[in-house]
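Following: one structure in structure tokens, then a few remarks.
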Protein chains: 2
Amino acid sequence: MSSTTTTRPATSTGATANRRRQARATATRTALLDAALVEFAAHGFEGASTRAIAERAGTHQPQINYHFDSKEALWRAAVDHLFARLDVTVRRHLDALPANNDRERLASEIRAFTRAVAELPELNRIMVQEATIDSDRLRWIVEQHTRPRFERLTATWRRLRRAGTVPDIDEVVLYYSLVGAASLAYVNAPEARLLSHDTMSKSFIDAHADALVILFLGSDR
Amino acid sequence: MSSTTTTRPATSTGATANRRRQARATATRTALLDAALVEFAAHGFEGASTRAIAERAGTHQPQINYHFDSKEALWRAAVDHLFARLDVTVRRHLDALPANNDRERLASEIRAFTRAVAELPELNRIMVQEATIDSDRLRWIVEQHTRPRFERLTATWRRLRRAGTVPDIDEVVLYYSLVGAASLAYVNAPEARLLSHDTMSKSFIDAHADALVILFLGSDR
DNA sequence: GTCTATAATTAGATAGAC
DNA sequence: GTCTATCTAATTATAGAC
């Protein structure tokens, strides 16, 4: 140890300093990603300022252009990060809800999805702000994230609909009705609060998840 | 007539000129309101620029501060204008759908509401962008427009729920599930188009309205 | 990698001619 | 009422010291 420090003292201290610098850099990157999610969700891509993002992350505005190439590259990295968290969150809630048959499996997926979107309101806020007008960002998010999930849900619904397990409803109608019904209470949580109800409480989320299963799959069947 | 023009020619031409100027002013105001709705819906309050709004209205940017006091005053006037159009549009669709009993009346209201939000996608786009974060604008829109409509729908649902006419679902859960299910397909219409489906077509809207009645009221009962 | 300073644009709002 | 010109402040991005 002392031999190491004596044989190459400069290199060793340089290495630990490098390690520290790199850890600090990773922390800055992560803080910027988290701050970006909040700001983009609250003000939209154009309304969010890089200064506000940097300030929320506890660092300086030029760090955004250093760690990411541009405001748009930061946005893409933040969205990737968010969808990865969605998958993890849905899976976590699914594991707690084992299912036996097709109907119970879809019921579990609806409950898990509802709990996940309640946990990650920023995701649907960003989606709804971007999906409102055609743009390069929308095209990117659709091909990267929306389409695979859209195809998976509509395929499942098509199968259950043919089997007569679910109501006779077109799959695109179903997709937007289900996603809209599951997400609006959390996207609009600040509004709901003003209307005198906290939609972020566990009791609301549980009642909401159960209600969606009843609405989309019926109470028994 | 010719006597009028000859007895007070200056006053008369001044009066018609005034009338023309006033008509032009009203046209400018209306054009600004319509342009503001599109821009605010597409980019949010902070993302929309007064220059882009004026250009879309075919006039110049300082006209906004002349006809309205500020960007925020223009936003409020545009939102008032939009909610007034919502009421007219819902009523128009309701008249076409007479109802006999409580359940049929609510079914008609769900169908009319769905068709109205499909016709006015800007309304829910603006709502979802403002309801995402607490602000003076959100508090204003909630007290002016959201709360009365919220109270009306939840009161109706409470009554039908007590009578056993509808599924046993909490009224706040119902409110956000129904509004979300009815609006997302139109709020996110550009995304839906990229996913290969035009949700603005009459056939989609009809299928959607019927599906929501089945989902929220059951297929018969 | 992080900081300060600043360049280059663009924002909302105002002044004043017509 | 409508126009051009412009003010002040805020925006994203870059340069360069450390």
Side-chain angles (χ1 to χ4, degrees), chain A residues 10 13-40 42-78 129 135-137, chain B residues 13-40 42-79 129 135-137:
Chain A
T13 49
T16 49
N18 271 341
R19 228 173 291 128
R20 262 191 220 123
R21 230 185 313 183
Q22 199 156 24
R24 174 89 191 273
T26 307
T28 302
R29 257 190 77 100
T30 306
L32 280 173
L33 282 176
D34 287 337
L37 288 181
V38 178
E39 293 292 324
F40 284 135
H43 305 105
F45 178 80
E46 299 161 283
S49 87
T50 55
R51 274 186 164 75
I53 293 169
E55 188 171 5
R56 180 181 289 275
T59 183
H60 302 84
Q61 186 256 346
Q63 293 287 67
I64 287 174
N65 293 79
Y66 177 78
H67 286 283
F68 307 88
D69 275 0
S70 63
K71 184 185 182 182
E72 184 151 339
L74 169 63
W75 179 88
R76 273 202 289 271
Q129 280 172 342
S135 72
D136 287 345
R137 291 196 307 279
Chain B
T13 49
T16 49
N18 271 341
R19 229 174 291 127
R20 263 193 218 120
R21 231 184 313 184
Q22 201 156 23
R24 174 90 192 272
T26 308
T28 302
R29 258 190 76 100
T30 306
L32 281 172
L33 283 175
D34 288 337
L37 287 181
V38 177
E39 293 292 323
F40 284 135
H43 305 105
F45 178 81
E46 300 161 282
S49 87
T50 56
R51 276 184 164 78
I53 293 170
E55 188 171 5
R56 180 181 289 275
T59 183
H60 301 85
Q61 185 254 347
Q63 293 286 66
I64 286 173
N65 293 79
Y66 177 80
H67 287 283
F68 307 88
D69 276 359
S70 64
K71 183 185 183 183
E72 185 151 339
L74 169 64
W75 179 88
R76 274 201 289 271
V79 171
Q129 279 171 344
S135 72
D136 287 343
R137 289 195 308 278

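Scope of the values below: all heavy atoms of this structure, side chains included, with no hydrogens, waters or symmetry mates. Here is how names work: the chains are called A, B, and so on, in the same order as the sequence lines, proteins then strands, and each is numbered from 1.
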Value in whole Å for how far the [atom2] atom of [N] lies from [atom1] of [X]:
{"X": "Gln63(B)", "N": "dC18(C)", "atom1": "CD", "atom2": "C1'", "value": "14 Å"}
{"X": "Arg20(B)", "N": "dT2(D)", "atom1": "CZ", "atom2": "P", "value": "15 Å"}
{"X": "Asp69(A)", "N": "dT14(D)", "atom1": "CG", "atom2": "C1'", "value": "13 Å"}
{"X": "His60(A)", "N": "dT14(D)", "atom1": "NE2", "atom2": "P", "value": "19 Å"}
{"X": "Tyr66(A)", "N": "dG16(D)", "atom1": "OH", "atom2": "P", "value": "17 Å"}
{"X": "Phe40(B)", "N": "dA11(C)", "atom1": "CZ", "atom2": "C1'", "value": "13 Å"}
{"X": "Arg21(B)", "N": "dT2(D)", "atom1": "CZ", "atom2": "P", "value": "10 Å"}
{"X": "Arg29(B)", "N": "dT2(D)", "atom1": "CZ", "atom2": "P", "value": "11 Å"}

Q. Going through the checks in order, is the side chain to side chain contact (heavy atoms under 4.5 Å, CB included) test met by Thr28(B) and Leu32(B)?
A. CA-CA 6 Å; Thr28(B) 302; Leu32(B) 281 172; 4.1 Å; yes
Q.
Heavy atoms within less than 4.0 Å of DNA chain C: which residues of residues 46-57 of chain A have one? Give them sorted by number.
A. Arg51(A)
(Q) Rounded to the nearest 0.5 Å, what separates atom CG in Asp69(B) from atom CG in Leu74(B)? (A) 11.0 Å
Identify the two heavy atoms, one from [X] and one from [Y], that lie closest to each other, and give their separation to 0.1 Å.
{"X": "Ala48(A)", "Y": "Glu39(A)", "value": "CB-O, 3.7 Å"}
{"X": "Lys71(A)", "Y": "Glu46(A)", "value": "NZ-O, 3.7 Å"}
{"X": "Glu72(B)", "Y": "Arg137(B)", "value": "OE2-CG, 3.7 Å"}
{"X": "Gln129(A)", "Y": "Gln129(B)", "value": "CG-CG, 3.9 Å"}

Q. How bent is the helix from dG1(C)-dC18(D) to dC18(C)-dG1(D), comparing axes over its five end pairs at each side, to the nearest 10°?
A. 10°
Q) Picking from dG1(D), dC3(C), dG12(C), which would you name as closest to the side chain of Thr59(A)? A) dC3(C)
Q) Out of dG1(C), dT4(D), dA13(D), which has the shortest distance to the side chain of Pro62(B)? A) dT4(D)
Q: Check whether any side-chain nitrogen or oxygen of His67(B) sits under 4.0 Å from OP1 or OP2 of dG1(D), and answer yes or no.
A: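 No.
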Q: Identify whether any heavy atom of Gln61(A) sits under 4.0 Å from a base atom; if not, whether one sits that close to sugar-phosphate; answer base, sugar-phosphate or nothing.
A: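 If one applies the 4.0 Å heavy-atom cut-off, Gln61(A) turns out to touch a base.
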Q: For the pair Phe45(A) and Phe40(A), name the ring-plane relationship: parallel under 30°, tilted 30 to 60°, perpendicular over 60°.
A: parallel
**Q.** CD/Gln22(A): more than 12 non-hydrogen atoms of other groups inside 6.0 Å
**A.**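 It does not: Gln22(A) CD has 12 such atoms or fewer within range.
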(Q) Using a 6.0 Å cut-off, check whether atom CD of Glu55(A) has over 12 heavy atoms from anything other than its own residue. (A) no
